[in-house]
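Quick notes on the structure that follows.
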Amino acid sequence: MKSVLLISDKDNVVTCLHPIKKGEPVTVEVMNNTIEELNIMVKEDIPIFHKIAIKDIPQGEYCYKYGEKIGCATKNIEQGMHVHVHNIESTRGRGDKQKVVGLS
Amino acid sequence: MKIRGYKRANGTYGIRNHLLVIPTSVCSTDTAQKIAALVPGSVAIPNQHGCCQIGSDLALTKKTITGFGLNPNVGAVVVVGLGCDGVQADEVAEEIRAAAKPVESIVIQQCGGTLKAITRGAELALPLARLLSTQDKVECDIENIIMAMECGGSDPTSGLASNPAIGYVADKLIELGGSAILSETTEVIGAEHLIAARFESDIQRAKFLSFVQQVEKRAILMGEDLRSGQPTPGNKEGGLSTIEEKSLGCMYKAGSGTFKGALNYAEMLPNDHSGLYFMDTPGQDIDSITGMVAGGAQVVVFSTGRGTPTGCPIAPVIKITGNSETFSTMSDNIDVNAGRIITEGDSVTKIGEELFDKLVRVCNGQQPKAESLGHREFGIYKLAGTF
């Protein structure tokens, strides 16, 4: 069984298929114009089915999964870090921000 | 493809043959339950509303409970009203009678109190129960089946395994002439552009997008952050971070077909339904299933990552999980393990075929675990607070 799953080549996160320990190396193949092999050093313990960044995601940039936007980085995220509610946020239904996000 | 069903006078087919006791308001619910207790095998739905509601909110409650009475899985109905309630028993009964379904109705205040109403209700239910006991299933086509699709207690395995398996079944059922309903409008936020692109009709697409706009607007008008309710604590613990991520996983249930129509909550599918539909329901599972069954769905397929026991009073609910750990710890409540897609590398096709086989068996009489355990969760979606 693979340790992580990349769903789309546009994604900047992968999903862990089992718990992964800090320091474990993970290899991901990403297809852009050619196949790029990313060797990632996992920087924290990641629970099963949670996400790891496979590229740096600067604060304010979008996080992609399924080839689509799933939220915005609230802090600078480094490759190999755990990506979850503590460092990405949804941009939808944010009545707290009193702003209607336009729909395409 | 042939299955066995109960033929109804209006040409629909049910896969169960329930005697349903419908209270028109919260005030007659207790009496309805006591009537059902006197006639074992009948089922009463717990209506928490039906009075002091206004306009479209009152109409929706009436539509939902009437829809349950009209569902093909129901063979006969007893309607129980208090008398002064917002939803009137004779009106609900009349609509069900118009579909040529056996129906009786009583009103507690006219009977002279609950004890007399319970007796009268049971007296009317008895011959209906005995009538249903003489009815047999006949051979019919699977094209008569409307499958409601739901997810609850989701985690990332839902989008990776269980939802794609459901999508396989939806594609197959629709190809055979049946229908499938995708729902939970909150849980398409972030994926709605992908679903909108799959609508054939511009009018239906616009209707669908207006559902999504209204849900998001509601959170914004409240001045509240949708994140306080969606995703749920369990979703987040399991690894889902945002509603967008959850929605993108949820939509796999819809398979690959085009959407034929967008339905309001509890709106009935047309007679010549055959296709994929979206119904405007909340992400709350019980309210959502209630709406789809009120619209005519005879069976529910329910994807759960974390494990939920939810059933329905009149339609069997088949549970599938993409999380093998959940399948093992909650085996009492879950029917199919799609987690093998992740842990054993099984294909979506293999698991999808198993799930389709389970769907056919359940249509033909096999009970999924929620039905065997007597889970009868029921909830009517409200448009406004009570007045």
Side-chain angles (χ1 to χ4, degrees), chain A residues 1-8 10-20 44-53 57 61-75 77 81-104, chain B residues 154-161 186 188-194 196-197 209-210 212-213 215-231 233 235-252 305-306 322-325 339 341-345:
Chain A
M1 190 176 89
K2 290 191 290 190
S3 64
V4 296
L5 179 67
L6 177 74
I7 298 170
S8 162
K10 285 168 78 174
D11 294 352
N12 48 17
V13 297
V14 289
T15 300
C16 300
L17 300 179
H18 59 75
I20 295 188
E44 323 173 61
D45 291 347
I46 315 286
I48 189 172
F49 305 131
H50 283 234
K51 299 176 288 296
I52 307 175
I57 311 175
E61 295 287 303
Y62 283 110
C63 178
Y64 287 85
K65 182 181 170 183
Y66 300 105
E68 301 282 336
K69 294 171 184 166
I70 65 164
C72 246
T74 54
K75 303 175 182 166
I77 301 172
M81 286 176 76
H82 183 202
V83 177
H84 196 36
V85 297
H86 59 285
N87 55 14
I88 62 166
E89 67 173 11
S90 169
T91 58
R92 305 296 300 274
R94 298 298 304 275
D96 55 313
K97 294 190 163 180
Q98 293 291 312
K99 189 172 70 175
V100 180
V101 177
L103 292 159
S104 53
Chain B
S154 298
D155 71 12
T157 67
S158 307
L160 299 179
T186 317
V188 304
I189 291 175
E192 73 273 28
H193 54 293
L194 301 170
L209 284 172
S210 75
V212 183
Q213 283 158 11
V215 164
E216 193 168 12
K217 210 159 85 175
R218 185 156 47 97
I220 289 167
L221 283 173
M222 280 174 76
E224 300 281 3
D225 181 354
L226 184 64
R227 296 178 304 169
S228 55
Q230 279 278 19
N235 295 152
K236 288 172 185 163
E237 204 183 302
L240 292 173
S241 310
T242 64
I243 191 64
E244 294 95 313
E245 183 182 5
K246 184 174 175 180
S247 298
L248 288 161
C250 287
M251 68 167 281
Y252 278 93
R306 309 279 290 173
N323 189 324
S324 293
E325 172 80 16
I341 291 169
I342 296 171
T343 55
E344 284 159 52

I'd like to verify something: which residue of [options] has the highest number of heavy-atom pairs under 4.5 Å with chain A?
options	result
B/Gly249, B/Ala191, B/Ala196	B/Gly249
B/Pro231, B/Gly190, B/Gly345, B/Gly238	B/Gly238
B/Ile243, B/Leu194, B/Asp155	B/Leu194

Quickly, which of A/Val14, A/Val13, A/Val83 forms a side chain to side chain contact (heavy atoms under 4.5 Å, CB included) with A/Ile52? Name it, please.
A/Val14
Tell me, side chain or backbone of A/Lys65 under 4.5 Å from chain B's heavy atoms, or both, or neither?
both
Part of A/Tyr66 lying under 4.5 Å from any heavy atom of chain B
side chain
Interatomic distance, [X] atom [atom1] to [Y] atom [atom2] [nearest 0.5 angstrom]:
X	Y	atom1	atom2	result
A/Ile46	A/Cys16	CD1	SG	5.5 Å
A/Arg92	B/Ile220	CZ	CD1	8.5 Å
B/Glu244	A/Ser90	CD	OG	3.5 Å
A/Glu68	A/Ser8	CD	OG	8.5 Å

